[in-house]
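Step one of this worksheet: look at the structure below.
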Amino acid sequence: MARAKQKGRYSREQSVIPGEEIDREHDTMENEVKDSLASVSIHAGRVQQSMLDAFDVFGGPVARVLDHNHQILQKMMHAVQEESVNFVNRRLEHTSHAIESSRDCQGV
């Protein structure tokens with residue numbers, strides 16, 4: 001009877017197709033890779049969340065400072081533009097006075 005059980009076991013083992021065993025191993029490895037990718041994805045999500053938390057801590061004040069600096073820069077550029085226009089106007093007035101006064105000169 002022990003031989004019959006052994007024969008049955010051998011007959012089951014012999015009925016396994018060699019490619020089927022490779023497929024099982026492939027499926028096992030594929031599942032392991034999927035599990036490791038899932039754990040990496042979870043870890044990456046945690047890292048990303050911690051980076052966002054850090055950005056929230058520093059991002060708010062930095063954003064306010066940048067906005068304030070942007071406003072100051074706009075005011076400075078407006079003042080420089082006005083001064084440039086005033087300077088050009090003064091130079092044009094001076095040049096026009098010089099041209100008008102040169103009309104009165106004789107012999108030129």
Looking at E82, Q74, K75, which one forms a side chain to side chain donor-acceptor pair (under 3.5 Å) with H78?
->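 One option only clears the test, and that one is E82.
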What pairs meet the side chain to side chain donor-acceptor pair (under 3.5 Å) rule with one or both residues in residues 83-93, with sequence neighbours excluded?
->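 For residues 83-93: none.
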Atom CG in L73, atom CG in L66: separation rounded to 0.5 Å?
->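 Those atoms lie 11.5 Å apart.
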Apply side chain to side chain contact (heavy atoms under 4.5 Å, CB included) to the pair Q71 and D67, showing each step before the final yes or no.
-> CA-CA 6 Å; Q71 291 173 358; D67 187 46; 3.5 Å; yes
